[in-house]
Amino acid sequence: MASTDYFERVRDLVASVLPREAERPDARRRAYAMLFSLLVATVLWFSVSMDEDYALGVDMPVELRRLPEGQALRSPPRSPVRVTVEGRGWDLLALSRNPPVFTVDAEEERVNLLSAASEMGRFPTGVRVQSVVPTTLPLDLDTEVEKRIPIVLRGALDLDANHEFLNPPQLEPDSVRVVGAQTVLQDLVAWPTRPVVLDDVDESFVIQVALQDTLAGLVQVGRQQTQLSVAVDRFTEGMRELVVRVVGVPPGVQAVRLLPSRVTATYRVPVDDALFAQAETTDEFFAFVPYANIARDTTGTVSPIPQLPGTLPIRDVSLEPAQLRYYTVVE
């Protein structure tokens with residue numbers, strides 16, 4: 001209140017002097033001299049005042065460095081807490097601009113915060129703790145357990161036109177060890193990455209992705225990041241003729257004839273010359289009809305099913321004709 005009155009008097013004095021002085025030839029020089037004198041006086045007053053002792057309330061975030069053996073937090077502790085300290089004005093000014101973290105070593109389920117604050121050693125020399133609100137900090141504890149859970153990729157990867165994934169995006173490692181309270185981990189089935197959002201992806205890449213803590217620090221995570229590998233390629237349309245096989249023919253049936261015995265497959269495949277040529281020639285790419293489908297058919301026709309090579313990224317296969325007639329030869 002005293003400082004407010006002081007500055008108001010300075011303002012009124014300058015306002016009353018400047019209009020009268022403005023009529024004199026040396027008014028501007030005298031006005032500047034007066035303002036400079038007032039500025040020096042203000043600095044001196046402020047310096048003297050800051051050497052006096054004051055009380056200051058500081059909101060400090062709580063950080064637990066140690067918990068009882070074999071225990072883990074089930075819910076976050078109260079934070080921040082209000083700490084009232086006393087000391088020189090200069091020390092309190094620095095403290096108010098950058099309050100320290102209230103670090104607590106918890107050996108029991110209730111922590112005496114006043115004692116912990118006095119022993120913390122994070123305040124400037126000469127600053128004394130007067131009070132803490134609340135005075136005690138209850139901890140919600142449970143038995144500590146650990147388990148390994150999968151890492152899940154969050155976000156969206158949108159591909160450029162005519163590009164497709166060669167295989168699903170891969171995380172390495174794809175799981176992480178977590179430690180925490182039993183009641184927290186019992187329903188925890190996966191740990192997310194930070195969102196990865198990419199548009200118009202048209203080439204393969206490998207990047208490091210940070211894991212995201214969604215549980216406010218209650219769970220200790222064995223690692224902070226994982227590696228994301230994405231393989232994409234430009235696809236084009238391919239076409240070839242496929243032999244249709246009948247599989248699962250039981251004893252007593254000599255043969256099953258399909259009409260026609262070949263179909264035309266239209267599909268998408270990478271533009272890479274080697275992959276394109278392999279898709280056109282490999283014997284691992286064929287069509288088949290399960291005999292069980294023939295045995296229960298009542299229409300006289302069956303649908304062929306494409307069998308894709310395990311080593312080739314072939315997509316969106318359609319077969320023509322989509323229905324085949326058949327007859328069986330019994331021994």
Please report the shortest heavy-atom distance between Val81 and Pro134, naming the atom on each side.
-> CG1-CD, 3.9 Å
Apply side-chain contact (heavy atoms from CB on, under 4.5 Å) to Val289 and Val247, showing your working.
-> CA-CA 6 Å; Val289 173; Val247 297; over 6 Å; no
Could you pull out the closest heavy-atom pair between Ser204 and Ala231, with the gap in Å?
-> OG-CA, 3.3 Å
Answer yes or no on whether Arg245 is positioned over the face of Phe286, meaning its NZ or CZ is under 6.0 Å from the six-membered ring centre and within 45° of the axis.
-> yes
Arg262 to Pro321 - nearest heavy-atom pair and separation = O-CD, 4.5 Å
Test item: Leu139 and Pro77 side chains (from C-beta on) under 4.5 Å apart, heavy atoms | yes
Using a cut-off of 6.0 Å, state whether more than 12 heavy atoms not belonging to Asn167 lie near its atom CG.
-> yes
Is a donor on one side and an acceptor on the other found under 3.5 Å between the side chain of Trp191 and the backbone of Val221?
-> no
Heavy-atom side-chain proximity of Phe285 to Glu280 below 4.5 angstrom = no
Salt bridge Arg128-Glu86, side-chain N to carboxylate O under 4.0 Å = yes
Look only at the side chain of Glu172 and the backbone of Gln170, and say whether a donor-acceptor pair between them is shorter than 3.5 Å.
-> no
Do Val246 and Tyr326 have side chains that get closer than 4.5 Å, going by heavy atoms?
-> no
OH on Tyr267 to CG on Leu319, rounded to 0.5 Å | 11.5 Å
CE of Met60 to CZ of Arg82: how many Å apart, nearest 0.5 Å?
-> 11.5 Å
Are more than 12 heavy atoms from other residues, nucleotides or ligands located less than 6.0 Å from atom CD of Glu241?
-> yes
Taking all heavy atoms of Phe235 and all of Pro313, pick out the closest pair and write down the distance.
-> CE2-O, 3.4 Å
Does the pair Arg268/Glu237 count as a salt bridge with the N-to-O cut at 4.0 Å?
-> no
Does one hydrophobic cluster hold both Val232 and Leu166, with members joined at side-chain heavy-atom distances below 4.5 Å?
-> no
Cluster link Leu67 to Leu218, ILVMFWY, side chain under 4.5 Å | yes
Would one find more than 12 heavy atoms of other residues, nucleotides or ligands at under 6.0 Å from atom CD of Glu108?
-> no
Give the intermediate values and the outcome of side-chain contact (heavy atoms from CB on, under 4.5 Å) for residues Arg240 and Thr282.
-> CA-CA 11 Å; Arg240 64 169 288 186; Thr282 177; 4.1 Å; yes
With distance as the sole test, does Arg194 use its side chain to make a donor-acceptor pair with the main-chain N or O of Val209 at under 3.5 Å?
-> no
Would you confirm whether Thr281, through its side chain, and Ala277, through its main-chain N or O, come within 3.5 Å as a donor-acceptor pair?
-> yes
Glu203, CD: over 12 other non-hydrogen atoms inside 6.0 angstrom = no
Counting only N and O atoms by type, is there a donor-acceptor contact under 3.5 Å from the side chain of Arg315 to the main-chain atoms of Phe165?
-> yes
Counting heavy atoms not belonging to Glu109, are there more than 12 under 6.0 Å from its CD?
-> no
Might you work through the side chain to side chain donor-acceptor pair (under 3.5 Å) test for Glu320 and Thr266, ending with a clear yes or no?
-> CA-CA 8 Å; Glu320 182 63 35; Thr266 303; over 6 Å; no
Is there a donor-acceptor contact under 3.5 Å from the side chain of Asp160 to the main chain of His163?
-> no
Thr301 and Arg325 side chains, donor-acceptor separation under 3.5 Å = no
Quick check: does any side chain N or O of Thr226 sit under 3.5 Å from a backbone N or O of Leu171, one acting as donor and the other as acceptor?
-> no
Under 3.5 Å side-chain donor-acceptor pair for Thr183 and Asp142 = yes
Is there a donor-acceptor contact under 3.5 Å from the side chain of Ser229 to the main chain of Val206?
-> no
Validation row: Val145, Val179 side chains within 4.5 angstrom (heavy atoms) | no
Lys147 side chain to Leu188 backbone, donor-acceptor under 3.5 Å | yes
Donor on one side chain, acceptor on other, Arg148 and Ser175, under 3.5 Å = yes
Tightest non-hydrogen contact, residues Ala216 and Pro76, listed as CB-CG, 4.2 Å
Got Leu157 and Val196 here, is their nearest side-chain heavy-atom distance under 4.5 Å?
-> yes
For Val184 against Leu73, the heavy-atom pair lying closest together | CG2-O, 4.2 Å
